[in-house]
Amino acid sequence: MSAAAAIRSAMEQLSELLGRAPESVSSLKPTDQGWEADVEVLELERIPETTSVMASYQVVLDQEGQLVSYKRGRRYTRSQVDRPDRR
């Protein structure tokens, strides 16, 4: 399965399970068992859009592109920017 097909599969299946349309895939990597992807989903729409709540879901696909598992990771506002750790 190609990377593009894996992205389409992850987005379609997650959308079906959540009842919400994913907005983007922020990461994708092949594994021995298939693919792992981080998919960004609009969880709560607000006005202005910059205050809308987003969530990042970790999605695992098998080699045929079937969703094996998913887990919601962090939630954040759309305007939030990741900052490097200041250690």
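Since we're looking at a predicted model, the values are computed, not measured.
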For the student: nearest non-hydrogen atoms of A3 and L28, plus distance: O-CD2, 3.5 Å

A21: side chain to side chain contact (heavy atoms under 4.5 Å, CB included) partners, not counting sequence neighbours: none

Counterpart residues, salt bridge (Lys or Arg N to Asp or Glu O under 4.0 Å), relative to R8 (two or more places apart): none

Heavy-atom closest contact (M11 atom, V39 atom, distance): CG-CG1, 4.5 Å

Any donor-acceptor N/O pair, Q63 side chain to D32 backbone, under 3.5 Å: yes

Shared-cluster residues of I47, by chain and number - hydrophobic side chains joined below 4.5 Å: none

Minimal non-hydrogen separation, V41 against L18, with atom names: CG2-CD1, 4.2 Å

Counterpart residues, side-chain hydrogen bond (donor to acceptor under 3.5 Å, both in side chains), relative to E23 (two or more places apart): R78

Results of salt bridge (Lys or Arg N to Asp or Glu O under 4.0 Å) for K29 - residues two or more places apart only: E36

Residues forming a side chain to side chain contact (heavy atoms under 4.5 Å, CB included) with S15, sequence neighbours excluded: P22

Hydrophobic cluster membership, V25 vs M1, 4.5 Å side-chain cutoff: yes

Cluster link L44 to L17, ILVMFWY, side chain under 4.5 Å: no

Let me have the donor-acceptor pairs involving side chains of residues 51-61, under 3.5 Å, with sequence neighbours excluded, atom names and distances please.
from	atom 1	to	atom 2	distance (Å)
T51	OG1	P48	O	2.7
S52	OG	R46	N	3.0
S52	OG	R46	O	3.3
S52	OG	E49	O	3.2
S56	OG	E40	OE2	3.0
Y57	OH	E43	OE2	2.6

Nearest non-hydrogen partners of T31 and W35, listed with the distance: OG1-N, 3.8 Å

